[in-house]
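One structure is given below, encoded as structure tokens.
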Amino acid sequence: MSQHRHLSHLQPTVPERPSLDGLENKWDQAWSEQGTYAFAAGTPRGQVFSIDTPPPTVSGSLHVGHVFSYTHTDIVARFWRMRGKAVFYPMGWDDNGLPTERRVQNYYGVRCDPARPYDPDFTPPFEGGAGKSKNAADQVPISRRNFVELCQKLSSEDEKQFEASWRHLGLSVDWSNTYQTIDRHARATSQLAFLRNLARGEAYQQLAPTLWDVTFRTAVAQAELKDVVRKGAYHKIGFKLLEAADADRSPALPTSDGRVYIETTRPELLPACVALVAHPDDDRYKALFGRQVEVPLFGTAVPVVPHRLAEPDKGSGIAMICTFGDVTDVIWWRELHLPTRAILGWDGRILPEPPLGIDRPEAKAAYGELAGLTVFSAQKRIVEMLRGSGDLVGEPQPVEHPVKFFEKGDKPLEIIPTRQWYLSNGGTNAELRQELLERGDELKWYPDFMRVRYQNWVEGLTSDWLISRQRFFGVPFPVWYPVDQFGHPVYDRPIVPSEDRLPVDPATDTPDGYQLDQRGKPGGFIGDPDVMDTWATSSLTPQIACHWRDNPALFASTFPMDLRPQAQDIIRTWLFATVVRADLEQHSLPFYNAAISGFILDPDRKKMSKSQGNVVTPMGLLEEYGSDAVRYWAASARLGTDAAFEPSQMKVGRRLAIKLLNASKFALSFLEQAAPGRTPADRNESALDPAAPVSRGEMALDPAVVTEPLDRSMLTALREVVQTATDALVSYDHTRALEVTETFFWTFCDDYIELVKSRAHGAGGAAAAASAQTALGLALSVLLRLFAPFQPFATEEVWSWWHQAGESIHRQAWPGPDELSLGLTAQASPAILTVAGGVLGALRKAKSEAKVSMRTEITSATVGVPAELSAAAVAAKGDIMAAGRTAELTLAASATDAIELVSAVLAEQS
RNA sequence: GGGCCGUUGGCGCAGGGGUAGCGCGCUUCCUUGACACGGAAGAGGGCACAAGUUCAAAUCUUGUACGGCCCACCA
């Protein structure tokens, strides 16, 4: 960092015609070569600013929303770097999980079949999705290892493209510090955290009803659900009331025909029915509690039971409980201790064999009609059967109702009993839940109202976190199970590896104490076949990036991280899960601040997303407008606020970047003029001392030279801007910082530069000229640094014109409060600049109304100025007259509180 | 059903007790030696609606409407 009271610079080398073209590649390369954004390892925690960068899903393409939110983070990173922090700014790639699997299937025309052996010479049938077929059967089955290799291959190609785009955008990421959520280190970290959870009892296995996606054939977690409104129909079905053991006990049965009528949207689950349920206070059905009814077609006898969750005003007020139609069924089943009659398989089809309770031949025959069918077909078939048997009353009544889907799936979820791994997240433990709520309070949220989304979510948790997935491209569970003498795995005695063996793949690695050939044999072992949910790994991004596992010194200097930037829609997943993991392992927050960005809306105010088909690819934008311009658009939107996709804002940003180049060129031309071909060797000498020796040394801009009131006024106003912008950035309000800087900058260009132009050229003598020239240089230096986080390319370009090669603006000190303090006696009211601009505006108005050029001379003019501002106006009168080309200017008392043109006599035009 | 944001000139946004502000767009003018990828000067709204608090309300309170989102419900 260099001193800025005295600006160091070389003889300016300003291009004849400055341009934004090519700046991105030029500076990206320079920053890369010079290590401008490298993290200084060994920096104590207090001087580090660490960022938990969201690892983008590389299987998707980069879109404008990414550019938007990552720019916000980069502004913060650049600000703190200039404030003297060692910024720890890694980049991760989320390549682990389903999206990559799907992309690989389409891209290479393959599918994973874990039963196949590894083929080291395997070549995919095609690349690039050229032979893409909708039919999964056309995909070539390959081994899990081949499949994972293809996932890694494609991911790393995608990652290169992402990095290129990010670099083009100017993210000041330390590109020597990247990770993949599937790489060796991430796998080891994820497995280590899991083993610790297991040892502490926070991770556990359970055979239980599980939300199940039949397309992907995997369990999914509560956090990955979405509601989809679907068409369905209420089917009214009669259940025959069976004779009561004590027949005269029930005087007022609700049925005159000996039947109980329920309404269901899922008649195909009839064979899975285990009870009917009504509200305990429902007088219509009270008398039935404890009685048995017979399930139509299948002849199963099931009880009628009371439960508070049954809603009297829904349907007929009495519902059938199936194992399992929805999550309420699971609650009823669990709380009422009902039997299980599962009829759905992992593939979403009706199981071939009927469940217990269906034993009569005609019941078995009825079941046989459904066996093997999909849910959809089974429903059609059973409706025909019920109609035939007379158990269906009337026609099904169409309804639209919300159904739970996996957020990435396109078929409704089913609930299937399976063995799965769970991790405590407060869903079943009030004490932990309270602790996690307190973590949410402890965290600083930007904007603060995002906090309630976290609270809502934590308060609404109904189960622990299901972390196992029956997929292939993910981090495997680092466990094996002993196989007993009968060949059955012993699930409650998992075998774990020692921590130094991580990462392991239990599908190919052998547990300690066993031989390779004992796999799957009685008395041997078997590996857990599942992988972890992608969030189970990405919830550890702070531990991965900061190297909790293998670099305690780095971890100590970067964790808990300073900032977690992320999107609002993954508070319940990524943010919450990260808090859970750090709470369990480190007993702390994983980060102190969360910056939540909004969505990008297209011009029709809809959320931009791939499925909407309205996504604009960012690279085209970056090339068309320039990265600084696109960043400007992003920076104009506040955290947590949805923003419209606005090319017009990008044009404004581009105009600003060009203006920065041109205004700087102009200001620097005076510095050159001030000391042509020479610079003082002694920093304490005046920059303008013509006797100073010529050298390639440094030239000082001495604030003491700034003597003119207008110049001092401008610098005083700028000082306030510095204060405001700094305060705003400290509180993550980049919009405000940009706004005040930009507003000042336009005044600086339109008014100040115009006002001092002729004086800076020497019209008022050497001292007055030096004052203007030095003020221009000082202001330029400060303004460039204020803009640097927002427009890194244009500012770096300008900086390079007058500073030593390699002396990046992005490593300079952020303007401080002292830098522009000109000494108490040299302060001047910022009002001078304002008034001078106002009076100049009045003179311009005279010309504009006369429809003449601004060059036109004014013979004489009178401008009214409010009394309290008249002294300020007088102080800048000479500059105003010069800028307005006015020979005779009278400053009169204004009748109003505004500056107003009273009269003007224009010279004849030639 | 519970909750969180928002509603300010044609569009995008800022302001947040004293009587509206920025950018784009629009109109008119200006090819001035930093910039035509420019510059200057203008026109245009009374801040969704209603009631209240106050000397004074875009600004505070309450309610309503509309838009967006989160959570819950899912027979």
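These numbers come from the heavy atoms of this one structure, side chains and all, not from hydrogens, waters or symmetry mates. Every chain is numbered from 1 and lettered A, B, ... according to where its sequence line falls, protein lines coming before strand lines.
- If you check every strand for non-hydrogen atoms under 4.0 Å, Gly841(A) touches sugar and phosphate atoms only.
- The backbone N or O of Arg453(A) sits nowhere less than 3.5 Å from a side-chain atom of Arg572(A) that would complete a donor-acceptor pair.
- At a threshold of 4.0 angstrom between heavy atoms, the contacts of Trp746(A) are confined to the sugar-phosphate backbone, with no base atom among them.
- Only the P atoms considered, rC22(B) is 34 Å distant from rG52(B), to the nearest whole Å.
- Rounded to an integer number of Å, the gap from CD of Glu857(A) to C1' of rU32(B) is 12 Å.
- Without hydrogens or angle criteria, Gln773(A) side chain to Ala760(A) main chain gives a donor-acceptor distance under 3.5 Å.
- Here Cys322(A) lies out of heavy-atom contact (under 4.0 Å) with every strand.
- Between Phe748(A) and Tyr752(A), the angle of the ring planes stays under 30°, which puts this pair in the parallel group of the 30/60° scheme.
- A sub-4.0 Å separation between OP1 or OP2 of rA75(B) and a side-chain N or O of His401(A) is present.
- Distance from the side chain of Val277(A) is smallest to rA75(B) among rA41(B), rA34(B), rA75(B).
- At a threshold of 4.0 angstrom between heavy atoms, the contacts of Arg266(A) with the nucleic acid are absent.
- For the C1' atoms, the distance from rA56(B) to rU19(B) is 8 Å, rounded to whole Å.
- Residue Arg655(A) places no side-chain N or O under 4.0 Å from the OP1 or OP2 atom of rA36(B).
- Separating the C1' atom of rG67(B) from that of rU53(B) is a span of 29 Å, rounded to the nearest Å.
- The pairing partner recorded for rG45(B) is none, the criterion being a Watson-Crick or G-U wobble arrangement whose two distances lie under 3.5 angstrom.
- For Asp642(A) and rC70(B), the CG to C1' distance is 12 Å, given to the nearest whole Å.
- Taking atom C1' in both rG2(B) and rA58(B), one finds a spacing of 29 Å when rounded to whole Å.
- If you check rA56(B) for Watson-Crick or wobble pairing at under 3.5 angstrom, you find it has no partner at all.
- Base pairing of rC35(B): no nucleotide in any strand meets the Watson-Crick or G-U wobble criterion (both distances under 3.5 Å).
- For rG18(B) and rG12(B), the P atoms lie 27 Å apart once the distance is rounded to whole Å.
- Between Val327(A) and Glu742(A), the one whose closest nucleotide on RNA chain B sits nearer the 5' end is Glu742(A).
- Proximity of the aromatic rings of Trp445(A) and Tyr454(A) is defined here by a centroid distance below 6.0 angstrom, and this criterion is met.
- Nucleotide rA58(B) carries a syn base; the chi torsion (O4'-C1'-N9-C4 or O4'-C1'-N1-C2) is within 90° of 0.
- Comparing Asp751(A) and Lys665(A), the nucleotide of RNA chain B nearest to each residue sits closer to the 5' end for Lys665(A).
- Base engagement by Val403(A) is indicated by at least one non-hydrogen atom pair under 4.0 Å involving a base atom.
- Comparing the same atom, P, in rA14(B) and in rC5(B) gives a spacing of 15 Å after rounding to whole Å.
- For Glu739(A), the side-chain atoms get nearest to rA14(B) when compared with the rest of rA14(B), rG23(B), rA36(B).
- Residue Arg654(A) is in base contact, counting any heavy-atom pair closer than 4.0 Å across all strands shown.
- Between Lys757(A) and the phosphate of rA34(B), there is a side-chain N or O to OP1/OP2 separation shorter than 4.0 Å.
- Across the strands present, rA40(B) finds its partner in rU28(B); the criterion is a Watson-Crick or G-U wobble pair with both atom distances under 3.5 angstrom.
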- Let me see the working for Val293(A) and Val302(A) under side-chain contact (heavy atoms from CB on, under 4.5 Å), right down to the final yes or no. CA-CA 5 Å; Val293(A) 293; Val302(A) 299; 3.6 Å; yes
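- Within the shown strands, rG23(B) is the pairing partner of rC11(B) under the Watson-Crick or G-U definition, both distances less than 3.5 Å.
- A syn base is found at rG46(B): its glycosidic angle is within 90° of 0.
- Rounded to whole Å, the distance from CZ on Arg885(A) to P on rU32(B) is 11 Å.
- Contact between the side-chain N/O atoms of Arg453(A) and the OP1/OP2 oxygens of rA72(B) is not found at any separation under 4.0 Å.
- Within 4.0 Å of Glu754(A), counting heavy atoms only, lies at least one base atom of the nucleic acid.
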- Message: Could you go through Glu335(A) and Arg308(A), starting from their C-alpha distance and side-chain angles, then the distance that decides it, and tell me whether this counts as salt bridge (charged side-chain N to carboxylate O under 4.0 Å, His left out)?
- Response: CA-CA 11 Å; Glu335(A) 295 190 4; Arg308(A) 68 196 144 77; 2.9 Å; yes
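- For rG1(B), the paired nucleotide is rC71(B), the pair qualifying as Watson-Crick or G-U wobble because both relevant distances are below 3.5 Å.
- Residue contacts for Ala310(A): at a heavy-atom cut-off of 4.0 Å it reaches a base atom on one of the strands shown.
- Checking rG23(B), rA34(B), rA75(B) against every side-chain atom of Asn662(A), the shortest atom distance belongs to rA34(B).
- One interatomic measurement links the two molecules: CG of Asn456(A) to P of rC71(B), which rounds to 8 Å at whole-angstrom precision.
- Partner of Tyr632(A) under the side-chain hydrogen bond (donor to acceptor under 3.5 Å, both in side chains) criterion, out of Glu742(A), Gln649(A), Lys651(A): Glu742(A) alone.
- Look at Gln397(A) and you won't find any side-chain N or O under 4.0 angstrom from OP1 or OP2 of rA75(B).
- Look at Lys845(A) and you'll find a side-chain N or O under 4.0 angstrom from OP1 or OP2 of rG42(B).
- Not a single donor-acceptor contact under 3.5 angstrom links the side-chain atoms of Glu459(A) to the base of rA72(B).
- Gln568(A) has its CD atom 13 Å from the P atom of rG6(B), to the nearest Å.
- Atom name C1', nucleotides rG15(B) and rG46(B): the rounded distance is 14 Å, in whole Å.
- Partner Asp879(A) forms a side-chain contact (heavy atoms from CB on, under 4.5 Å) with one of Lys757(A), Arg759(A), Glu754(A) and no other, that one being Arg759(A).
- Close to rA14(B), at under 4.0 Å from its OP1 or OP2, lies a side-chain N or O of Arg638(A).
- Nucleic acid contact for Arg572(A): sugar-phosphate only, since backbone atoms but no base atoms lie under 4.0 Å from a heavy atom of the residue.
- Between Lys659(A) atom NZ and rG38(B) atom C1' there is a gap of 7 Å when expressed in whole angstrom units.
- When heavy atoms are screened at a 4.0 angstrom cut-off, Asp329(A) is found touching no nucleic acid atom at all.
- Across all strands, Ser636(A) comes closer than 4.0 Å to no nucleic acid atom at all (heavy-atom distances).
- When rounded to the nearest whole Å, the span between CH2 of Trp332(A) and P of rA75(B) equals 9 Å.
- Here rA50(B) sits opposite rU62(B) as a Watson-Crick or G-U wobble pair (both hydrogen-bonding atom distances under 3.5 Å).
- Between the side chain of Asp628(A) and the backbone N or O of Phe793(A), at least one donor-acceptor pair lies under 3.5 Å.
- Across all strands shown, rG17(B) forms no Watson-Crick or G-U wobble pair with both distances under 3.5 Å.
- With rounding to whole Å, Ile600(A) atom CD1 is found 15 Å from rC69(B) atom C1'.
- Between Trp633(A) and Phe68(A), the gap from one ring centroid to the other is short of 6.0 Å.
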